[in-house]
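Below: one structure, written as C-alpha cells.
For the single chain, residues carry numbers from 1 onward in sequence order. The basis for the numbers below is simple: all heavy atoms, side chains too, and nothing from hydrogens, waters or symmetry mates.
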Amino acid sequence: MGRKDKAVSPESISPETIGTWMRHERQQKGINLTDMAGQVRYSKSYLSAVENNTSRPSKRLLEEYERILELSEGILTTHVGEESIPQSRRRTTPLVPKALHDVKIDMNEAPHVTLFYGRKEQLSTLKRWVVTDHCRLVSILGFGGVGKTVLASELVNQIKQEFEFVYWISLKDAPTLETVLEKFLSFLDDHYPTAHSQKADELIQHLLFHLQDHRCLLILDNFESLLQSKALTGRYSDENQGYALLLQRIAETSHQSCLLITSREKPGEFPRLEGKTRPTRSMDLAGVAQKEGRALLQGEELFGSDQIWTKLIDLYAGNPLTLKLVAGIIREMFGGDIARFLEKGEFVFSGGIKELLDQQFHRLSSQEQDIMFWLAIERESVSPIELEEECVNLNSKEIMTALNSSHYRSLVEATRTVDGMRYY
C-alpha cells in the first residue's frame with residue numbers, strides 16, 4: 001500500500017507544501033507514481049522529489065496534474081510565479097531579466113578572455129540568431145586555434161542578460177551524455193535529485209521541460225572531442241552516440257532556449273537540421289582580417305613593412321593561435337624581424353604550430369589524408385577531376401566524399417568557377 005496523506009484544504013497550499021497536496025490528490029484518484037510519470041512525461045524520480053517537497057515543480061507539471069486529476073483550473077498553478085510559465089503560454093516577447101543579478105550564470109569552464117579583436121560581423125550575426133531569431137541550436141565551427149571559443153565567450157558576455165540561466169560546459173575530456181545532462185539539470189534546478197540513475201532519453205526530456213519553462217543559454221565547448229578520429233567527419237565515437245539524440249531533440253522540440261556548441265568539425269545531424277530560416281544554424285569561422293591580426297600581435301615586438309605584415313597574416317590565414325605562436329618564434333629567433341623569418345621556410349611550421357596541425361591531420365580518414373597531401377603539393381586550387389588523376393587509389397565518389405568531409409572540418413575551401421568547383 002502506498003503512503004496516504006491526510007486531506008489538505010486548497011487554502012493551506014504554499015510553495016513549500018504544494019508537493020504534499022499533489023501527492024494527496026493523486027492517491028485520491030488511485031494513480032500510482034509510475035503511471036503518473038508516464039502520463040505527465042516526467043521521470044518518476046523527479047515526481048517523487050516534487051511530491052516530497054525537495055524539488056520545485058514546473059508550471060507545466062502543475063498544469064498536467066490539474067488536467068489529469070480533474071482539479072479546478074489554477075488551483076495548483078496559482079502557487080508558482082510567472083517565471084515558471086512557458087513563454088508560448090504567457091507572452092509574445094522573450095523573457096528579459098531586468099538586471100544582471102536576475103541571471104544565474106556558471107562560466108567556470110569557459111576561458112578567461114581579456115582581449116577581443118574584430119569579429120563584429122560574426123558577433124552581430126550570432127546575436128541575431130540567438131536573441132532575435134530564437135534559434136534553438138547554433139554551432140560555431142572552424143579550424144583549431146581560429147577563435148571559436150573566444151568568440152563564443154564574447155557572445156555570451158554580450159547577451160547573457162537576455163536569459164535566466166547561462167551554463168558553459170567543456171567537452172574536452174569527452175564526458176558521458178548522462179554526466180552532462182545531470183550537470184545541466186542540477187544547475188537549472190537547485191533541488192534536482194542527483195542521487196539516482198536515469199536513462200539518457202529521460203534526462204533529455206526532463207531538460208527540454210526546463211528549456212520550455214525558462215529561457216536558458218547552454219554552451220558545449222570542444223564538441224569535436226565526442227567525434228571519431230580516423231573517420232569521415234561528424235561521426236560519433238561509440239560511447240557518445242547519445243549526443244546525436246540530444247542535438248536532434250533540442251533542434252526539433254519547441255522551446256524558448258538555445259544550445260550553442262563550438263567544434264572543429266560539424267556534427268552529422270547539422271546538414272539536415274540547419275537552414276537560413278530554420279532554428280538550427282552554423283557559422284564557419286575563418287581567420288581574422290589584416291587589421292585585427294596586427295592588433296592581435298601588438299606588443300609582440302615585431303616589425304616589418306605593411307607588405308611584410310600582410311604576407312605574414314595571409315600565410316597563417318589569420319589564425320589567431322598560430323599567429324601568436326609564430327610571433328614568439330619571430331621575437332626569440334629573429335629579433336622581431338618578420339622579413340628575416342619569412343626567408344627561412346623551415347621555421348614556418350615549427351613548435352606549437354606543427355603540433356596544432358598534427359592534431360588536426362591525425363583526425364582525418366585515410367582518404368582525406370591522401371587528398372591533403374596532393375593539395376599541399378599543388379599549392380593552388382584543383383578540380384575533382386584533377387585530384388582523381390593524382391589520387392589513383394581513390395575513385396570519384398570517394399574523392400567527393402572526402403572533400404566534403406574535409407570542408408566540414410574547415411580544412412578545405414571551395415570556389416565556383418566557369419569550369420566547375422575547385423578546391424584548395
From CA spacing to verdict: salt bridge (charged side-chain N to carboxylate O under 4.0 Å, His left out), Glu162, Lys127: CA-CA 10 Å; Glu162 301 286 341; Lys127 288 165 73 172; over 6 Å; no
Pair Glu300 + Lys324: basic N to acidic O under 4.0 Å: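 Between Lys324 and Glu300 there is a salt bridge, with a charged N closer than 4.0 Å to a carboxylate O.
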Ionic contact status for Lys29 with Glu70, cut-off 4.0 Å: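 Here Glu70 pairs with Lys29 in a salt bridge, since their nearest N and O are under 4.0 Å apart.
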Within-4.5 Å side-chain heavy-atom neighbours: Leu155 and Ile159: yes
Close side-chain approach of Leu137 to Leu247, heavy-atom, < 4.5 Å: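 Contact flag for Leu137/Leu247 side chains = yes.
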Exercise: identify the closest heavy-atom pair between Cys258 and Val138: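 What the structure gives for the nearest pair is SG-CG2, 4.2 Å.
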Short side-chain to backbone donor-acceptor contact, Ser139 and Leu141, under 3.5 Å: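 Checking the backbone N and O of Leu141 against the side chain of Ser139, no donor-acceptor pair under 3.5 Å is found.
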Any donor-acceptor N/O pair, Lys104 side chain to Tyr167 backbone, under 3.5 Å: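 No, because the side chain of Lys104 does not come within donor-acceptor range (under 3.5 Å) of the backbone of Tyr167.
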Verdict with supporting geometry, Arg272 and Glu252, salt bridge (charged side-chain N to carboxylate O under 4.0 Å, His left out): CA-CA 11 Å; Arg272 68 177 182 82; Glu252 296 179 343; 3.5 Å; yes
Gln228 versus Asp238, side-chain donor and acceptor atoms under 3.5 Å: no
Test side-chain hydrogen bond (donor to acceptor under 3.5 Å, both in side chains) applied to Glu164 and His210, Arg215, His214, the passing residue: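 Exactly one pass, corresponding to His214.
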Trace of the salt bridge (charged side-chain N to carboxylate O under 4.0 Å, His left out) decision for Glu64 with Arg67: CA-CA 5 Å; Glu64 289 296 292; Arg67 179 183 63 82; 2.7 Å; yes
